[in-house]
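Below: the structure, in structure tokens.
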Amino acid sequence: MNIFNEFEEKLYAVYAKLSKQHDFPSNLDLSKCVIELPRDETHGDLACNAALVLAKPLNYPPRKLAELIAKELEKDDSVLATEIAGPGFINLRLHQSRWGQEILTILEQADAFGKNTIGTGKNINIEFVSANPTGPLHAAHARGAILGDVLSNLMAFSGYNVTREYYINDAGSQIITLSKSAYLRYCEVLGVKIDSIPSGLYPGDYLIDVGEKLASKFGDSLHQLSEAEQVEVIGPIAVELMMSSIKKDLSRLGITMDVYSSENTLVKNGNVSSAIQKLQQDGLIYKGKPEAPKGQRDDQWAPREQLLFKSKEFGDDVDRPLQKSDDSWTYFASDVAYHFDKLERTNGRLVDVLGADHSGYVKRMTAAVQAMSGEKDMLQIKQCGLVTLLDKGQPVKMSKRAGTFVTLSDVIDAVGADVMRFMMLTRRNDQPLEFDYAKVTEKSRDNPVFYVQYAHARAKSVLRQNKKPIAEVNYSVLTDIHEIRVIKQLSSWPKLVEAAVHQCEPHRIAFYLMELAAVFHGLWNAGRDNLELKFIQESDDELTLARMQLIDATALVIKSGLNLLSIDAVEEM
RNA sequence: GCGCCUGUAGCUCAGCUGGAUAGAGCACUAGACUUCGAAUCUAGGGGCCAGGGGUUCGAAUCCUCUCGGGCGCGCCA
């Protein structure tokens, strides 16, 4: 129970009482009535919009309604005064001692402070990264990886039973390309001179390792195999080596997946045909000719009869093909099967974290999941915007075709995993993000990671300085505006977590921590201008102790937030 | 051409699922270190929230149109 829930419940009680007196309907939806911190401090401690929300359904003038509610709320012990403002806001002023009590709540709940029960008893599957196993992770992959991981942390913090999942696209033509490219490197290792990598193959140096492994395992025996046989032998080995490099990079970022799913396995086990069969039974599949895509030349378009899924019935723009001309499944078909598999395993909601370049894929996939689950919001897709890598403001050249690209591993070497994790959340997920790895290692206000960690280290430092004995704490001595600001920010933590979970927006945690650090630094420096605000007051044990608890609570919440981001809360720096 | 995202201070971005006079950082100006950590803080200027119309007690937020950016668009994954 935090102060906002507490007053919301008080509000519900007030409404129940008023509904009897004035014959208001007792089952009215009060969920839009909220208790919040007013934006302007001069408006009081808490603000309530209930009168504005309820005026219309009750057909009652908002200000009069506000008066009725305010009069009841005023009877509460912790309420000092109420006032009606603007069109009908109810502003509450609390007794000065009320905010201090929040510290006790925070310290008692400790690590559990901020948790909620939104997901209790529910399962959720979060799929992220799922980079093709044809090369190492590059810097831009970090964003989806971190978004997915922190989202998973958030969900778990809210009670969900979370599965972190990675989908390995180890089927289809790219694996053929991969093994051909690896074979070329293998030949190179065995002494065949390669001038340049033919176009269409992967040119990256990382395949030299694979070539070496193949050479040491097979000697020169691979030459005797047919091309198809080579793919069969090399493909799985190359994929495994790529995946182990990917897993290593993820683990450097602090990310551990619960499940790795293989597309190849899915196809081999017949999951695709069984998923298609299910859709067929539901009458959602037919043979037909797909519409020509708009904006392309008609003469390029050769209409062909193929198996189509009625995604249009579920909000997609056109029906989508499931089979290629050689009768093998399209990527979409195996993805349908994969999501069907996930639905069955999860028995709960699915989340896909995708890159911005997959935006054309959202509608058809949500359509498919809706068709299979019968529920509209079973699949939620979070997309992340592009990442532009900069070095002192200059773009870092990345060219996958030339094989010169900045790997995730390089960037972690340069800035560290903590910085990487925090910076990737300093922008809303669907917006493009610039990542300047010269700048993010600065130790200044410019660098939010250090700013937040510095606040934590400072807090821990002053706690170490304190020599006062622990005793009964009287929180009502905390009355300065700077202290109250910090307490208010701390109290908002559970509310913030709820909003972040509800919107699936981990960046809110990062922004919250920056604000909390700012009000805490503000409080600290207030003690420089006004010596009475220094935390440790030699002649006043009571005040000192209360302040120590405030600092303790601050450190606790910062640590809790950083934990959600999987970032260390350092005690000294 | 169609779909999705997007336009907020000079710059980089928030804006709590519709709330009060739209916020923060950077940059700029002026200040605060014999002091619990100055890796910090305080104060100031700076805005038709791209533009028009609509919905209502109330719009940066929802709807619609216009203009300007990004991404995607049959058998690649």
Side-chain angles (χ1 to χ4, degrees), chain A residues 32 34 36-40 43 47 49 52-53 55-56 61-63 85-89 91 130 132 134 169 171-175 263 289-296 300-304 306 316-318 320-332 334-335 355-363 383 385-386 426-428 430-432 434 442-448 450-451 453-455 457-458 460-466 492 495-496 498-500 502-503 505 507-508 511-512 514-515 517-518 521-529 531 534-537 547 551 572-573:
Chain A
K32 295 228 165 181
V34 293
E36 56 192 356
L37 294 176
R39 200 199 309 258
D40 189 336
H43 288 155
N49 64 350
L52 294 162
V53 174
K56 192 164 195 183
R63 285 193 67 105
F89 287 101
N91 292 331
S130 297
N132 288 337
T134 55
N169 292 126
S173 61
Q174 60 180 345
I175 299 305
E263 180 187 6
K289 293 176 183 172
E291 299 165 31
K294 298 287 187 317
Q296 286 191 10
Q300 301 270 322
W301 175 254
R304 192 181 66 81
Q306 54 191 149
D316 200 359
D317 305 317
V318 291
R320 303 289 174 179
L322 296 163
Q323 261 177 332
K324 304 183 199 170
S325 52
D326 64 357
D327 284 348
S328 65
W329 300 115
T330 61
Y331 175 78
F332 176 58
S334 58
D335 221 8
D357 50 342
H358 286 72
S359 57
Y361 211 67
V362 175
K363 277 189 182 177
Q383 291 195 264
L386 297 173
T426 53
R427 185 65 52 85
R428 217 203 306 158
D430 52 356
Q431 295 296 103
E434 289 188 351
E442 282 178 18
K443 295 178 178 177
S444 70
R445 181 75 174 88
D446 284 346
N447 181 348
F450 279 90
Y451 186 71
Q453 284 188 322
Y454 179 49
R458 258 187 156 176
K460 286 295 181 181
S461 168
V462 75
L463 289 173
R464 284 193 297 270
Q465 299 284 333
N466 176 47
S492 312
K495 222 172 150 67
L496 185 281
E498 274 181 37
H502 208 254
Q503 307 278 15
E505 289 184 343
H507 74 275
R508 295 190 185 206
F511 281 92
Y512 170 86
M514 291 189 270
E515 275 172 41
H521 287 309
L523 171 61
W524 186 291
N525 280 79
R528 295 181 168 280
D529 298 332
L531 293 182
K534 287 186 67 175
F535 297 126
I536 297 172
Q537 296 290 322
R547 285 178 176 166
I551 295 170
E572 289 177 62
M573 47 200 297

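Naming convention: chains lettered A, B, ... in sequence-line order (proteins, then strands); numbering from 1 in each chain. Basis for what follows: all heavy atoms, side chains included, without hydrogens, waters or symmetry-related copies.
Qualifying side chain to side chain contact (heavy atoms under 4.5 Å, CB included) partners for A/Gln174, counting only residues two or more places apart in sequence or in other chains: A/Asn132, A/Thr134, A/Asn169, A/Tyr202. A search for salt bridge (Lys or Arg N to Asp or Glu O under 4.0 Å) contacts involving A/Arg427 returns nothing, not counting sequence neighbours. In this structure A/His521 satisfies the side chain to side chain donor-acceptor pair (under 3.5 Å) test together with A/Arg458, sequence neighbours excluded. Residues forming a side chain to side chain donor-acceptor pair (under 3.5 Å) with A/Lys363 (at least two apart in sequence, or on another chain): A/Asp317.
One can place CZ of A/Arg458 at 11 Å from P of B/C36, the figure rounded to the nearest angstrom. With rounding to whole Å, A/Asp317 atom CG is found 12 Å from B/G74 atom P. Taking atom CG of A/Asp316 as the reference point, atom P of B/C2 lies 17 Å away to the nearest angstrom. The separation between A/Gln503 atom CD and B/U61 atom C1' is 12 Å, rounded to whole Å. Atom OH of A/Tyr331 and atom C1' of B/G72 are 15 Å apart (whole Å).
A/Asn91 comes within 4.0 angstrom of a base, heavy atoms only. Within 4.0 Å of A/Gly86, counting heavy atoms only, lies no atom of the nucleic acid at all. A/Gln453 comes within 4.0 angstrom of no nucleic acid atom, judged by non-hydrogen atoms across all strands. A/His502 comes within 4.0 angstrom of a base, heavy atoms only. Residue A/His358 is in base contact, counting any heavy-atom pair closer than 4.0 Å across all strands shown. Nucleic acid contact class of A/Phe511 (heavy atoms, under 4.0 Å, all strands): sugar-phosphate only. No contact: A/Tyr512 has no heavy atom under 4.0 Å from any strand. At the heavy-atom level, A/Ala518 lies nowhere under 4.0 Å from the strands shown. Heavy atoms of A/Ala499 sit under 4.0 angstrom from primed sugar atoms or phosphate atoms, though from no base atom. Base contact: A/Pro87 has a heavy atom under 4.0 Å from a base atom. When heavy atoms are screened at a 4.0 angstrom cut-off, A/Ala500 is found touching no nucleic acid atom at all. A/Met573 comes within 4.0 angstrom of a base, heavy atoms only. Across all strands shown, A/Val53 has heavy atoms under 4.0 Å from base atoms, whether or not it also approaches the sugar-phosphate.
Among B/G37, B/A14, B/A77, the nucleotide with an atom closest to any side-chain atom of A/Arg427 is B/A14. Distance from the side chain of A/Phe535 is smallest to B/C36 among B/C36, B/G19, B/U40. For A/Lys56, the listed nucleotide lying nearest its side chain is B/C57; candidates were B/C57, B/G19, B/U40. Relative to the side chain of A/Arg508, the nucleotides B/C76, B/C16, B/U40 differ in distance, and B/C16 lies closest. In the set B/A77, B/G37, B/G19, the nucleotide with an atom closest to the side chain of A/Asn49 is B/G19. Comparing B/G37, B/G19, B/G74 by their closest approach to the side chain of A/Pro321 singles out B/G74.
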Exercise. Going 5' to 3' through nucleotides 22-35 of chain B, assign each nucleotide B (protein heavy atom under 4.0 Å from a base atom), S (under 4.0 Å only from sugar-phosphate atoms) or - (no protein heavy atom that close).
Key: -S-SS--------B

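Contact annotation: the side chain of A/Gln383 approaches that of A/Ser359 to within less than 4.5 Å [non-hydrogen atoms, C-beta and beyond]. For the pair A/Leu496/A/Arg508, a side-chain contact is recorded, criterion being any heavy-atom separation below 4.5 Å from C-beta on.
Between A/Gln323 and the phosphate of B/C75, there is no side-chain N or O to OP1/OP2 separation shorter than 4.0 Å. Distances shown here put a side-chain N or O of A/Gln465 below 4.0 Å from the OP1 or OP2 atom of B/G37.
Taking atom P on both B/G69 and B/U55, the two are 31 Å apart, rounded to the nearest angstrom. Atom name P, nucleotides B/G25 and B/C41: the rounded distance is 8 Å, in whole Å. Only the P atoms considered, B/C62 is 12 Å distant from B/G15, to the nearest whole Å. For the P atoms, the distance linking B/U29 with B/U61 amounts to 36 Å, nearest Å. Comparing B/U42 with B/U66, their P atoms sit 46 Å apart, to the nearest whole Å. Comparing B/A30 with B/C11, their P atoms sit 23 Å apart, to the nearest whole Å. Between B/C13 and B/U21, the two C1' atoms lie 22 Å apart (nearest whole Å).
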Name the pairs: protein N/O against N/O of nucleotides 4-8 of chain B, kept only if under 3.5 Å.
residue : atom : partner  : partner atom : Å
B/U6    : OP1  : A/Arg428 : NH1          : 3.2

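Pairing for B/G23 is with B/C13, a Watson-Crick or G-U wobble pair whose two hydrogen-bonding atom distances lie under 3.5 Å. Of all nucleotides present, only B/G72 satisfies the Watson-Crick or G-U wobble test against B/C2, with each distance under 3.5 Å.
Using cut-offs of 30° and 60° for the angle between ring planes, the A/Tyr331 and A/Tyr361 rings count as tilted.
Projected onto RNA chain B by closest heavy-atom contact, A/Leu496 and A/Ala457 fall at different nucleotides, the more 5' of which corresponds to A/Leu496.
Between the CG atom of A/Asn447 and the OH atom of A/Tyr454 there is a distance of 14.0 Å, given to the nearest 0.5 Å. Between A/Leu322 atom CG and A/Asp335 atom CG the span is 11.5 Å, to the nearest 0.5 Å.
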Quiz prompt | From CA spacing to verdict: side-chain contact (heavy atoms from CB on, under 4.5 Å), A/Arg547, A/Lys534 | solution = CA-CA 9 Å; A/Arg547 285 178 176 166; A/Lys534 287 186 67 175; 5.6 Å; no

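Between A/Lys495 and A/Glu498 there is no salt bridge, since none of the side-chain N atoms of the basic residue sits less than 4.0 Å from a carboxylate O of the acidic one.
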